[in-house]
Colleague: 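One structure, as structure tokens, below. Some questions next.
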Amino acid sequence: DVRLVESGGGSVQPGGSLTLSCTVSESHGTQLNLGWFRRPPGKQREGVAFISWNGGDTYISGLVRGRFTISRDSAGNTVRLQMNNLKPEDTATYYCAADVHEYNLRLGAASHWGQGTQVTVSS
């Protein structure tokens, strides 16, 4: 069974930084495409960033491009979302997601989801 365990959320002032981590607790983690979604208060879930199973392909949403970066460790089981210059509109619950098929992941139809971690940006 695939479990995604997120960490790193919290509260920060505008302009601050946070790093979210998600570890896949399953030996097949290296075969999974990984990504981050977020759900701002009262809004729909939206895709933030994705990284392919081998790290060779990444996508960053235009909403956060230039401020957020996604990476995965050499073992392939942990994905990180580095968030810089955070803005109040980045406030949301952030979810890690994984799927064998990158297409499903990007559509938000991933097979595996984390529980979510809260990020709050306010002064």
Colleague: A quick test of your reading: do over 12 heavy atoms of other residues, nucleotides or ligands sit less than 6.0 Å from CZ of R3?
Modeller: no
Colleague: Before accepting this row, confirm whether a basic side-chain N of the pair R72/D57 lies closer than 4.0 Å to the acidic partner's carboxylate O.
Modeller: no
Colleague: Atom CH2 in W36, atom CE in M83: separation rounded to 0.5 Å?
Modeller: 8.0 Å
Colleague: Could you state the interatomic distance from CG (L81) to CG (L18), rounded to the nearest 0.5 Å?
Modeller: 10.0 Å
Colleague: With the side chain counted from C-beta on, respond yes when V24 and L32 share a heavy-atom pair under 4.5 Å apart, and no when they do not.
Modeller: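 They are in contact (side-chain heavy atoms under 4.5 Å apart), so the answer is yes.
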Colleague: Under the side-chain hydrogen bond (donor to acceptor under 3.5 Å, both in side chains) rule, what do T19 and Q82 come out as? Steps first, then yes or no, please.
Modeller: CA-CA 5 Å; T19 302; Q82 176 65 44; 2.5 Å; yes
Colleague: Out of Y95, Y94, F50, which one pairs with F37 under the ring-ring contact (aromatic ring centres under 6.0 Å, His included) rule?
Modeller: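 Exactly one pass, corresponding to F50.
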Colleague: Hey, what do you get for CZ (R38) to NZ (K43), rounding to the nearest 0.5 Å?
Modeller: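 One gets 8.5 Å once the value is rounded to the nearest 0.5 Å.
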Colleague: Could you work out, with salt bridge (Lys or Arg N to Asp or Glu O under 4.0 Å) as the rule, every residue matching D99, not counting sequence neighbours?
Modeller: none
Colleague: Verify whether one side chain among Q118 and T93 offers a donor that lies under 3.5 Å from an acceptor in the other.
Modeller: yes
Colleague: Verify whether one side chain among T23 and T78 offers a donor that lies under 3.5 Å from an acceptor in the other.
Modeller: yes
Colleague: Using a strict 4.0 Å threshold on nitrogen-to-oxygen distance, state whether R67 and D90 make a salt bridge.
Modeller: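 So R67 pairs with D90 through a salt bridge.
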Colleague: What I want to check is whether the side chains of S52 and E102 have a donor and an acceptor closer together than 3.5 Å.
Modeller: no
